[in-house]
Amino acid sequence: MNIQGNSSYHEVHARSLTDPEGFWAEAAKEIDWIEPPKSIFDPSQGTYGRWFTGGVVNTCYNALDRHVEGGRADQVALIHDSPLADSVTKFTYAELLNEVQALAAIMQDFGVAKGDRVILYMPMVPEAVVAMLACARIGAVHSVVFGGFAAKELATRIDDAQPKLILSASCGIEPGRIVQYKPLLDEAISLAGSKPKACIVLQRPQLTCDLAPGRDYDWASLRRKAMNDGKKAACAPVAATDPLYILYTSGTTGIPKGVVRDNGGHLVAVKWSMFNLYGVKPGEVWWCGSDIGWVVGHSYIVYGPLLHGATTIMYEGKPVGTPDAGAFWRVIAEHKAVAFFTAPTAFRAIRKDDPEGKFIRQYDLSNFRTLFLAGERADPPTVAWAEQQLKVPVIDHWWQTETGWCIAGNPVGLGMLPVKHGSPTVPMPGYQVDVVDEAAKPVGPNTMGSIVIKLPMPPGCLPTLWNQDARFKEAYLSEFPGYYKTSDAGYKDEDGYVFVMGRTDDIINVAGHRLSTGGMEEILASHPDVAECAVLGVKDAIKGEVPCGFLVLKAGVKRAPAEIEKEIVALVRDKLGPVAAFKLAITVGRLPKTRSGKILRGTIKKIADGESWTMPATIEDPKTLDEIGEALKGRV
Ligand code: COA
Ligand code: AMP
């Protein structure tokens, strides 16, 4: 395959590796600095060096003020489109700045200052974007917690981040049900050892809530007063290396990892990506259909498009059922989006409801140029269907919360490379992606191994975990010296295309959401009747994978297994949240193990997925696998 074409990719990528400082110094010119960096990369700082040291900057200034000053005041910055609330609301750059200045001033009145943490537990409403930018404006560190997580998960994050303030809302809206946020918030605060000074709560008309006197404040009243008083907070100068946000992601235990994002590196990398990777120009309309609770939402609903002077769409709805499988095409057509970014799972859901693509043809998609997929491996049949139906390039790209932006993708702005189904294409600038064996030695083309990134990672990637340098080094840097371990396995082909095939740890990917099976096992094991358990991801036609829990009950338990299984399902929903989509708990007499006592997860998974499997030589008792097969009958 001729993979050179007219793309400048190879030249650009090579330069980013041979002259990283020159490359990123040039990219940094796209950012307005209060003081330019003294050094582009300082290897002596941080756990593996720091980018743009000595630089002073403000992320909110770059996202809003400079566009207002530069002639985009009346351009729409944010379109909130909510089929669930039946509303479309637009904010120009000037209007968004006004909102952000006021909320930032309100937060200052609560004593929030540079470096203080603020947790946002919010649904997909424009106020959430305002809150993120208001934190950035005053140098506070936001930590957004996805609304589909339960109180205990929120409590863990409160304890780790120790926020001065929490911003939340009365409710979220899911199809057919209103999700009350306030009881979850109250429970989380009572579970947490660290208590916030105050909560600012947005009352949504769909369901209001009671406010705790002395602790909770009504968002709208505070806003009204601040606006009437003409209160505005100025942009605080922060170091490029200061944290912009913490975003918690699943680790290999129930304790999530607090991924830290700095201001300078994030600004430069995310801004660079908007044209060079996504091919979007300032002034154009861009849509990322993720949730602000995920990294993709941070980088590409909020920061990327606004730093670039584009118009961003925030969507509170689903791909299907709100009201139908034409929802995405309606949004793209109505707002004239030129590019759209979502997860393959959404396309599988649409394809199931509208296999012929009838809805697609009801809308004018003439402005639409490119579809980007990420969050999980884009399976070739889904990509092929999307290409055929949409008649635009469909680009898979590979990401992690830790990196904050794409590791491997197909750079539309630099000139697209040929698409190979099943591959997210090639490493982006600054990423030297190697596939290595257990001794950290690179393997040849088309050979599976651990995918690693040569240090230093490019700007935008995490410098460390919040307050946990040692855990960061241990989890990511120690196994393959000189490299960052992605915990993804795969291979590179003879053209340098990366193929990401699956995780090497206990993480599973459910509808594009990253979950730890180890964390779920901790919950199952906490049930008084459970002696032993194993959770693994089994194939699902829409969500890619869903968790399935196998339980061995304690000797002497007399209750019906079905009753206990129901309690287990409810327990995971209560402790982890509905997002886990944990609906399958299966009681077995014993778990298949090796003679040394290791649970044979791989073989159980193959049986559950209906794939062919071979009897492991080390199995303790081969009959246990037949028993698993029996237990699964009619359940998956
Ligand atoms: N607040 C409260 N509950 C939430 C929630 C939120 N913000 N988001 C999801 N949930 C709930 C859902 O209501 C559902 O609950 P249920 O078990 O009562 O039905 C559960 O969590 C699972 O949600 P979800 O994974 O969204 O599944 P779904 O069946 O509602 O929808 C898809 C399936 C494929 C349509 C949906 O997962 C989807 O659009 N995924 C795209 C994912 C994505 O964009 N990922 C970002 C990475 S790029
Ligand atoms: P998250 O941190 O939630 O973004 O999840 C990151 C993980 O999702 C990665 O480590 C991969 O396992 C998986 N992932 C994300 N995007 C892709 C992709 N395009 N192809 C394959 N796996 C992906």
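In listed order, ligands and their atoms are each counted from 1.
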**OP:** Assign the ring pair H513 / F146 to parallel, tilted or perpendicular, where the plane angle (0 to 90°) is split at 30° and 60°.
**Re:** tilted

**OP:** Decide whether the shortest distance between a heavy atom of W399 and an atom of ligand 1 is less than 4.0 Å.
**Re:** no

Subject >> Side-chain heavy-atom pair F340, L373 within 4.5 angstrom cut-off >> reply: no

Original post:
What pair of heavy atoms forms the shortest contact from A327 to P319, and how long is it?
Top reply: CB-O, 4.0 Å

**OP:** Go through the structure and list residues passing side chain to side chain contact (heavy atoms under 4.5 Å, CB included) with V88, not counting sequence neighbours.
**Re:** I79, D81, K90, E334, H335

Subject >> Nearest non-hydrogen protein atom, atom 16 (P) of ligand 1 >> reply: R573 NH1, 3.7 Å

Original post:
Do Y476 and T464 meet the criterion of a side-chain donor-acceptor pair at a distance under 3.5 Å?
Top reply: no

Subject >> Among W405, Y300, Y431, F372, the one residue meeting ring-ring contact (aromatic ring centres under 6.0 Å, His included) with W399 >> reply: Y300

Original post:
Does ligand 1 have an atom under 4.0 Å from some heavy atom of R348?
Top reply: no

Original post:
Between the side chains of Y278 and H397, does any donor sit under 3.5 Å from an acceptor?
Top reply: yes

Original post:
Given I292, V510, T345, which one has a non-hydrogen atom that is nearest to atom 34 (C) of ligand 1?
Top reply: T345

Subject >> ligand 1 N/O within reach of A349 N/O, cut-off under 3.5 Å >> reply: no

Subject >> Proximal candidate to atom 30 (O) of ligand 1 [heavy atom criterion; set M122, K352, K318, Q180] >> reply: K318

**OP:** Name the closest protein heavy atom to atom 33 (C) of ligand 1, giving the residue it belongs to and the distance to 0.1 Å.
**Re:** K543 CE, 4.2 Å

Subject >> Pair D488, Q400: side-chain N/O donor-acceptor within cut-off below 3.5 Å >> reply: yes

Original post:
When you measure from atom 44 (O) of ligand 1 to every protein heavy atom, which one gives the shortest distance, and what is it?
Top reply: G289 O, 3.8 Å

**OP:** Just go through G512, P319, A511 and tell me whose heavy atom is the nearest to atom 42 (C) of ligand 1.
**Re:** A511

Original post:
What is the nearest protein non-hydrogen atom to atom 10 (N) of ligand 1, stated with its residue, atom name and distance?
Top reply: E174 OE1, 3.4 Å

**OP:** For ligand 2, list the protein residues that place a heavy atom within a distance below 4.0 Å of one of its atoms, sorted by chain and number.
**Re:** G375, E376, R377, D396, H397, W398, W399, Q400, T401, D488, V500, R503, N509, R514

Original post:
Who passes side chain to side chain donor-acceptor pair (under 3.5 Å) against E545, sequence neighbours left out?
Top reply: none

Original post:
Should M132 and M122 count as side-chain neighbours, where that means a heavy-atom distance under 4.5 Å?
Top reply: no

Original post:
So which heavy atom on R503 is nearest to which on T486, and how close?
Top reply: NH1-O, 3.7 Å

**OP:** Taking ring-ring contact (aromatic ring centres under 6.0 Å, His included) as the test, write out the residues that go with W398, two or more places apart.
**Re:** none

Original post:
Which of the numbered atoms in ligand 1 are below 4.0 angstrom from a heavy atom of V579?
Top reply: 21 (O)

**OP:** Report the part of K583 (side chain from C-beta onward, or backbone N, CA, C, O) that has a heavy atom under 4.0 Å from ligand 1; answer both or neither where that applies.
**Re:** side chain

Subject >> Protein contact of atom 2 (C) of ligand 1 - nearest heavy atom, named by residue and atom, plus distance >> reply: G147 O, 3.5 Å

Original post:
Do C199 and I189 come within less than 4.5 Å of each other through their side chains, counting heavy atoms only?
Top reply: yes

Original post:
Among all protein non-hydrogen atoms, which one is nearest to atom 8 (N) of ligand 1, and what is the separation to 0.1 Å?
Top reply: F146 CZ, 3.4 Å

**OP:** Quick one: sort the Y245 and H298 rings into parallel, tilted or perpendicular, breaks at 30° and 60°.
**Re:** tilted

Original post:
Would you call E376 a ligand 1 contact, heavy-atom distance under 4.0 Å?
Top reply: no

**OP:** List the closest protein heavy-atom neighbour of atom 15 (O) of ligand 1: residue, atom name, distance to the nearest 0.1 Å.
**Re:** R177 NH2, 3.2 Å

**OP:** Heavy-atom distances under 4.0 Å are what count here, so tell me which part of Y181 touches ligand 1: side chain, backbone, both or neither.
**Re:** side chain

**OP:** Could you check atom 25 (O) of ligand 1 against the protein and tell me its nearest heavy-atom contact, residue, atom and distance included?
**Re:** H513 NE2, 3.4 Å

Original post:
Counting only heavy atoms on the protein side, is anything nearer than 4.0 Å to atom 46 (C) of ligand 1?
Top reply: yes

**OP:** Have a look at K420 and tell me which of D396, T425, D493 forms a side-chain hydrogen bond (donor to acceptor under 3.5 Å, both in side chains) with it.
**Re:** D493

Original post:
Would you say A374 contacts ligand 1, with heavy atoms under 4.0 Å as the rule?
Top reply: yes

Original post:
Taking C-beta and beyond as the side chain, do H421 and V419 meet within less than 4.5 Å on heavy atoms?
Top reply: yes

